[in-house]
Chemist: 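Handing you this structure, nothing more for now.
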Protein chains: 2
Amino acid sequence: MASLLRLPSLLKPSAAAARPSALLRRRCRAGTAASVSASRSQAAAATTGAAAPAPPETRGGGDREGQVTPRSVDFNAWYTDVIAAAELADYGPVRGTMVIRPYGYAIWEAIQDYLNVKFKETGHSNMYFPQFIPYSFIEKEASHVEGFSPELALVTIGGGKELEEKLVVRPTSETIVNHMFTKWIQSYRDLPLMINQWANVTRWEMRTKPFIRTLEFLWQEGHTAHATLEEAEKEAMQMIDVYTKFAYEQAAIPVIPGRKSRVETFAGANRTYTIEAMMGDRKALQAGTSHNLGQNFSRAFGTQFMDENSQIEHVWQTSWAISTRFVGGIIMTHGDDAGLMLPPNIAPIQVVIVPIWKKGDEKSAVMEAVSSVQNTLKEAGIRVKVDDSELRTPGWKFNFYEMKGVPIRLEIGPRDVTNKSVVISRRDIPGKQGKEFGVSMDPSILVDHIKGRLVEIQASLLQKAIAFRDSNIVDVSSYGELKEAIAEGKWARGPWSASDADELKVKEETSATIRCFPFEQPEGAKKCFMTGNPAEEVAIFAKSY
Amino acid sequence: MASLLRLPSLLKPSAAAARPSALLRRRCRAGTAASVSASRSQAAAATTGAAAPAPPETRGGGDREGQVTPRSVDFNAWYTDVIAAAELADYGPVRGTMVIRPYGYAIWEAIQDYLNVKFKETGHSNMYFPQFIPYSFIEKEASHVEGFSPELALVTIGGGKELEEKLVVRPTSETIVNHMFTKWIQSYRDLPLMINQWANVTRWEMRTKPFIRTLEFLWQEGHTAHATLEEAEKEAMQMIDVYTKFAYEQAAIPVIPGRKSRVETFAGANRTYTIEAMMGDRKALQAGTSHNLGQNFSRAFGTQFMDENSQIEHVWQTSWAISTRFVGGIIMTHGDDAGLMLPPNIAPIQVVIVPIWKKGDEKSAVMEAVSSVQNTLKEAGIRVKVDDSELRTPGWKFNFYEMKGVPIRLEIGPRDVTNKSVVISRRDIPGKQGKEFGVSMDPSILVDHIKGRLVEIQASLLQKAIAFRDSNIVDVSSYGELKEAIAEGKWARGPWSASDADELKVKEETSATIRCFPFEQPEGAKKCFMTGNPAEEVAIFAKSY
């Protein structure tokens with residue numbers, strides 16, 4: 001029974017579902033209700049042979065804030081509740097804006113650290129463009145202005161005066177980048193020009209959702225110019241490949257890379273490549289895009305170069321981006337009723353150590369062992385945190401770090417000290433099965449053991465997500481089958497060579513859009529499920545964020 | 001004579017001074033004029049026993065673009081010329097905005113990398129606040145609105161509609177930070193709350209100058225909340241100390257830390273601490289500030305907490321910032337007529353290797369040695385770049401990397417390969433004295449040698465800047481002496497206990513302001529040089545950026 005109580009918190013749906021989203025409440029901290037914490041902390045103490053000290057100050061007996069709506073009851077409420085309870089983000093004062101709190105920002109930093117290295121390895125340099133863009137720039141590329149003009153934030157007053165020309169707060173930087181590229185590029189020797197910037201961007205979205213769609217968000221945007229179409233195409237493909245590897249290997253998200261349909265292509269691009277991820281509610285999330293811009297912007301901005309034969313040509317370009325939306329994707333791919341579940345490779349904290357003691361004279365021995373284990377793991381390059389706060393019970397901490405999705409928890413109590421061992425709990429396996437007792441504290445054993453477990457958890461999260469994805473994609477050979485699959489909340493995959501109008505009809509009738517024509521295509525002859533005409537490719541349809 | 005020609009480029013003042021600032025011209029690349037490059041490349045080749053190959057394509061014989069105005073002739077023109085020629089930045093399309101190019105951004109990244117570690121070591125977490133602030137927030141703190149309202153950029157249109165409340169594009173984030181802190185802070189257990197963000201900020205400046213004062217710039221802003229005034233004061237002092245150490249140890253800028261006068265204190269702060277740097281033209285640059293905000297913002301925003309005795313109190317706060325302005329400070333502290341001179345600790349490239357060969361059959365042996373040396377240095381953690389482009393002559397490259405301020409250049413030619421040695425040139429010591437011939441390529445010797453030289457260069461830049469600073473600060477004991485010192489372009493240091501009105505009079509009559517009351521004060525009784533009254537401190541007066 002004791003170990004049962006160590007299960008991730010499973011709140012009663014009835015109580016939780018009735019409440020408004022926790023993120024909307026004034027204050028949201030910690031994991032679960034005080035009553036649950038209390039019983040769990042006692043249980044925790046029992047298994048490690050020590051009773052937890054009473055919290056020095058209770059936070060109000062009836063305080064049920066911080067509970068999260070069960071995922072199965074209301075996925076959207078669960079999502080915003082987890083964001084609040086795991087302290088990832090909060091709403092800003094302006095409608096649709098978001099404050100990214102330290103724990104959420106640390107996940108973004110992990111994404112940045114990985115991608116920054118990959119971008120540099122593939123020959124890109126970071127730089128920074130101003131965020132204010134003359135309004136006239138946006139109008140230069142026809143489809144670009146059509147795509148972005150409804151979403152613009154405009155600065156009209158500066159230094160107390162009405163401006164002669166309105167300024168656009170960048171929704172993306174292709175226009176200003178091309179304005180500058182036109183100054184910098186003269187000859188083939190200036191190419192390829194390959195840059196990236198980490199920046200904030202603003203899009204006046206009507207329906208916002210933390211991380212997924214906010215008025216302002218953070219992203220990286222790569223911009224490159226090349227001498228030939230082939231080089232630009234190669235670059236666009238290379239970058240979607242970098243994103244795909246990142247998603248699989250770091251975020252444990254089995255995205256499906258592919259090409260967007262004409263209808264869904266970026267405003268100003270010839271081709272858009274995308275990685276599409278299946279969230280826990282089976283809606284698709286466009287998690288990253290890479291565009292072959294052709295000569296659209298170089299023609300609009302006159303970005304030309306002299307080639308080796310002294311001919312003047314327009315450059316061929318790409319742009320590609322991943323944003324803080326990806327953090328939302330991580331939450332919605334791996335999280336469960338107990339909260340966040342982070343892949344070890346991008347977890348800000350990979351291991352949390354919770355010291356447990358009852359009597360004052362036990363404390364020093366426990367803390368000495370804790371400190372020693374902490375140093376051992378830290379020196380081995382593991383991101384470890386000790387929570388030795390005496391303001392919270394061990395049980396409260398168990399819930400809290402489960403909510404925060406920390407992959408591994410170590411418990412160290414007096415009996416563990418005597419046995420020179422620790423108790424390990426895996427976040428991804430609930431209950432007894434995820435626990436190991438009596439793992440040796442000996443550094444030569446412990447480090448390898450923990451590293452091994454982190455690798456296992458990383459792989460296990462990916463496998464679980466792959467299995468979930470694959471069991472929710474249906475191959476369809478008629479429009480009826482597609483409707484059925486979409487109605488069941490699944491993704492539909494089928495041969496498609498119909499018109500843009502047909503694509504829009506599907507969207508209107510089912511709310512599903514073409515997420516992509518996946519790079520991985522079945523062999524053999526195919527017939528469009530809509531028209532019966534021959535089709536070269538299958539497309540994936542799904543509802544999306 | 002050959003080695004003389006390897007001196008940093010000294011352009012004729014007459015020719016250069018007549019031209020408009022290079023940054024204003026359409027296109028600015030590379031170091032010096034083609035004619036100078038040609039003679040220098042031949043000279044370079046001569047000393048290493050190889051003639052440089054002719055450039056595959058000349059860039060136009062009369063092309064004198066890329067020359068910089070000598071520093072002594074026109075410091076301001078020199079500054080903007082260097083920014084263009086070293087490819088640090090360019091003007092953006094909107095007046096007063098700046099594009100930070102990859103090399104300039106890499107210096108900013110070096111600043112970020114260092115400070116990020118220090119901020120985390122001192123207990124701060126990174127996070128992100130939205131940049132749009134409701135206009136009403138700015139009005140809540142009386143002196144804050146007075147200080148910032150003339151400089152605001154306002155968003156009045158979003159998504160095609162006039163907004164009900166204008167939005168301020170953040171000029172600094174105290175107001176929105178306090179709005180959020182008020183939500184997050186309830187009890188003493190929530191304190192201290194110590195965060196930082198890396199962000200862009202916007203101030204509608206009328207007179208702009210690249211890096212120093214631009215309409216939009218990048219910075220970090222730290223914000224903390226504490227339970228007591230003493231803790232806040234300690235934090236404000238700790239952070240100005242972090243900045244001071246950074247300036248001395250990394251940027252080799254001997255800043256003077258101190259306290260701002262009431263007149264110069266940040267709009268909304270009780271006390272502002274500052275680091276003041278002397279630029280090459282002896283004007284002062286405020287290079288970083290740390291504010292003790294007292295309870296000004298917590299009272300304006302109702303940011304309260306319950307202390308250990310269950311009393312409700314307003315929190316005590318600090319904020320502190322360093323911006324891309326610091327890059328301008330580095331340029332103006334160390335640069336010379338040949339361009340930028342970067343302290344090794346923050347140089348994006350610490351060592352550039354220039355291969356030199358004449359005949360095709362020499363190339364492979366030279367490139368093999370170059371590659372081997374490159375790997376040796378890279379593995380030793382030295383930031384090394386090989387410029388093996390055949391589009392440029394060695395002489396052109398020498399000028400270019402001098403312009404870019406790379407601390408050490410290695411030349412490797414056929415004779416060096418035979419001797420298993422390299423030629424080393426120090427950027428900070430012109431001519432023969434800065435050169436070493438026949439330094440062994442043996443990794444065990446070369447690595448230590450280069451590392452030793454980098455340490456020497458770092459120390460030497462700091463010592464030179466200290467000597468320059470100290471020879472340009474005059475101790476004054478009367479207003480007449482101050483006027484004289486300021487008229488000579490120097491800094492004046494003297495006892496001060498006069499009124500704010502007197503301070504403003506000095507500014508009006510001499511253009512000098514109190515830069516700070518330095519922390520380091522002379523002992524003994526002092527009399528205010530303006531009033532003759534007793535003074536507790538000396539102040540430093542100077543003209544400033």
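The figures that follow rest on heavy atoms only: side chains count, while hydrogens, waters and symmetry mates do not.
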Chemist: Please state whether the side chain, the backbone, both or neither of A:Met98 comes within less than 4.5 Å of a heavy atom of chain B.
Modeler: backbone
Chemist: What part of A:Phe217 gets within 4.5 angstrom of chain B, counting heavy atoms only: side chain, backbone, both, or neither?
Modeler: neither
Chemist: For the OG1 atom of B:Thr97 and the CZ atom of A:Phe132, what is their distance to the nearest 0.5 Å?
Modeler: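 Reported to 0.5 Å precision, the distance equals 9.5 Å.
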Chemist: Do B:Ile157 and A:Thr156 come close enough that some side-chain heavy atom pair is under 4.5 Å?
Modeler: yes
Chemist: Are any non-hydrogen side-chain atoms of B:Met180 and A:Val99 less than 4.5 angstrom apart?
Modeler: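 Yes, side chains in contact.
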Chemist: For atom NZ of A:Lys120, decide whether the heavy atoms of other residues, nucleotides or ligands shown that lie under 6.0 angstrom number more than 12.
Modeler: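 Yes, the 6.0 Å shell around NZ holds more than 12 heavy atoms from other groups.
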Chemist: Just say parallel, tilted or perpendicular for the rings of B:Tyr105 and A:Tyr128, cut-offs at 30° and 60°.
Modeler: parallel
Chemist: Passes side chain to side chain donor-acceptor pair (under 3.5 Å), A:Asn126 versus B:Trp108? Steps please.
Modeler: CA-CA 10 Å; A:Asn126 284 334; B:Trp108 179 236; over 6 Å; no
Chemist: Residues two or more places apart in sequence or in another chain: which of them pass ring pair (Phe, Tyr, Trp, His ring centres under 6.0 Å) with B:Tyr103?
Modeler: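 Partners of B:Tyr103 under the ring pair (Phe, Tyr, Trp, His ring centres under 6.0 Å) test: none.
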Chemist: Sort A:Thr202 into side chain, backbone, both or neither according to what part of it lies under 4.5 angstrom from a heavy atom of chain B.
Modeler: side chain
Chemist: So with a 6.0 Å cut-off around CD of A:Glu146, is the heavy-atom count from everything else above 12?
Modeler: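 No, because the 6.0 Å sphere around CD of A:Glu146 holds 12 heavy atoms or fewer from other groups.
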Chemist: I need the residue from B:Gly159, B:Pro150, B:Ser125 with the largest number of non-hydrogen atom pairs under 4.5 Å to chain A.
Modeler: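 When all of B:Gly159, B:Pro150, B:Ser125 are compared, B:Gly159 has the most.
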Chemist: Ion pair present between A:Lys161 and B:Glu151, side-chain N to carboxylate O less than 4.0 angstrom?
Modeler: no
Chemist: B:Pro130, B:Gly104, B:Gly92, B:Ser149: which one forms the most heavy-atom pairs within less than 4.5 Å of chain A?
Modeler: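 Most pairs with chain A among the choices: B:Pro130.
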Chemist: Decide yes or no for B:Pro93 and A:Ile133: does some side-chain heavy atom of the first lie under 4.5 Å from some side-chain heavy atom of the second?
Modeler: no
Chemist: In terms of heavy-atom proximity below 4.5 Å to chain B, should A:Leu152 be classed as side chain, backbone, both, or neither?
Modeler: backbone
Chemist: With a strict 4.5 Å heavy-atom criterion, list every residue of residues 162-170 of chain A that contacts chain B, or say none.
Modeler: A:Leu163, A:Lys166, A:Leu167, A:Val169, A:Arg170
Chemist: Quick one: what part of B:Gln131 sits under 4.5 Å from any heavy atom of chain A, side chain, backbone, both or neither?
Modeler: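 Its backbone and side chain both get close to chain A.
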Chemist: Under the criterion side chain to side chain contact (heavy atoms under 4.5 Å, CB included), which of A:Met127, A:Met194, A:His124 is the partner of B:Pro102?
Modeler: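 Considering A:Met127, A:Met194, A:His124, a side chain to side chain contact (heavy atoms under 4.5 Å, CB included) with B:Pro102 is found only for A:Met127.
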Chemist: Do the side chains of A:Asp90 and B:Trp184 get nearer than 4.5 Å, heavy atoms only?
Modeler: yes
Chemist: Set out, in order, the CA-CA distance, both residues' side-chain angles and the distance that settles salt bridge (Lys or Arg N to Asp or Glu O under 4.0 Å) for B:Glu390 and A:Arg189, then state yes or no.
Modeler: CA-CA 11 Å; B:Glu390 297 189 21; A:Arg189 288 170 299 177; over 6 Å; no
Chemist: Let's test your reading of the structure: which of A:Leu218, A:Thr214, A:Ile195 forms the most heavy-atom pairs below 4.5 Å with chain B?
Modeler: A:Leu218
Chemist: Any chance you could measure A:Glu216, atom CD, to B:Phe129, atom CZ, to the nearest 0.5 Å?
Modeler: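 Answer for the CD-CZ pair, A:Glu216 versus B:Phe129, is 12.0 Å.
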